[in-house]
Asks: 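First the structure, which I've put down as structure tokens, then a few questions once you've had a look.
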Amino acid sequence: RERQIEKKREQANKIHGAARSQEVELDDKAIYGGEGGGDISYEAALAREKKYRERKEAAKHERTSELLKKEDDKQKKMLEMLGFSGLKPGEKIKIAPRQP
């Protein structure tokens, strides 16, 4: 029984020892991605990331302004439907008195 336990420990040490000894070194090209096989620097990777974020922010801004315009159109249509199309911002709504 003890021999079996010893064999298991040896096997475990061999497996875990092999995993610990595998150290992989990656260069900047592997980490940041290469463009056409040229050398890439950290600064170039930062510039690419900044450009990506700016494009994403511009698309987000465009979508937001589009949705706001759409919402304004909906509000105007609702006011026209209710008969308040000439209403100015901040102006009180005047309701006609009921007919008895």
Side-chain angles (χ1 to χ4, degrees):
R1 174 77 183 145
E2 287 187 30
R3 178 66 184 141
Q4 288 176 338
I5 293 172
E6 188 178 323
K7 280 178 124 179
K8 285 184 183 181
R9 282 190 183 141
E10 287 176 6
Q11 186 69 19
N13 287 337
K14 187 166 58 170
I15 291 172
H16 295 293
R20 274 185 271 154
S21 68
Q22 290 180 350
E23 291 183 21
V24 178
E25 262 190 57
L26 299 173
D27 58 346
D28 286 346
K29 187 175 179 182
I31 294 172
Y32 300 116
E35 294 180 9
D39 291 331
I40 186 159
S41 66
Y42 179 71
E43 289 81 17
L46 282 178
R48 189 173 63 227
E49 178 73 18
K50 183 178 179 184
K51 194 176 195 181
Y52 168 75
R53 288 179 192 260
E54 286 173 354
R55 278 185 298 179
K56 196 170 181 180
E57 189 66 30
K60 183 178 176 183
H61 179 70
E62 182 180 329
R63 176 74 174 145
T64 303
S65 62
E66 178 184 315
L67 289 173
L68 286 173
K69 184 181 180 318
K70 203 173 182 182
E71 181 64 23
D72 286 342
D73 290 343
K74 282 182 186 179
Q75 287 179 1
K76 285 178 185 176
K77 285 181 182 178
M78 185 188 78
L79 288 175
E80 285 175 10
M81 187 176 71
L82 294 174
F84 300 124
S85 59
L87 194 64
K88 293 181 177 60
E91 186 179 336
K92 291 187 177 181
I93 298 173
K94 296 175 186 167
I95 300 175
R98 290 188 183 180
Q99 299 292 331

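Just so you know, these numbers use all the heavy atoms, side chains as well, and skip hydrogens, waters and symmetry mates.
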Asks: Are the charged groups of Lys76 and Asp72 less than 4.0 angstrom apart, N to O?
Replies: no
Asks: Is it true that Glu66 and Arg63 make a salt bridge, defined as a side-chain N closer than 4.0 Å to a carboxylate O?
Replies: yes
Asks: Going through the distances and angles, do Arg3 and Glu6 end up as a salt bridge (Lys or Arg N to Asp or Glu O under 4.0 Å)?
Replies: CA-CA 5 Å; Arg3 178 66 184 141; Glu6 188 178 323; 3.4 Å; yes
Asks: I need the Glu62 CD to Leu67 CG distance, nearest 0.5 Å.
Replies: 11.0 Å
Asks: Kindly determine whether Glu54 and Lys50 satisfy side-chain contact (heavy atoms from CB on, under 4.5 Å), including the steps that lead there.
Replies: CA-CA 6 Å; Glu54 286 173 354; Lys50 183 178 179 184; 3.4 Å; yes
Asks: Can you list the steps and then say if Gln4 with Arg1 is a side-chain contact (heavy atoms from CB on, under 4.5 Å)?
Replies: CA-CA 5 Å; Gln4 288 176 338; Arg1 174 77 183 145; 3.5 Å; yes
Asks: Kindly compute the distance separating CE (Met78) from CD (Gln75), expressed to the nearest 0.5 Å.
Replies: 7.0 Å
Asks: Is it true that Arg53 and Glu49 make a salt bridge, defined as a side-chain N closer than 4.0 Å to a carboxylate O?
Replies: yes
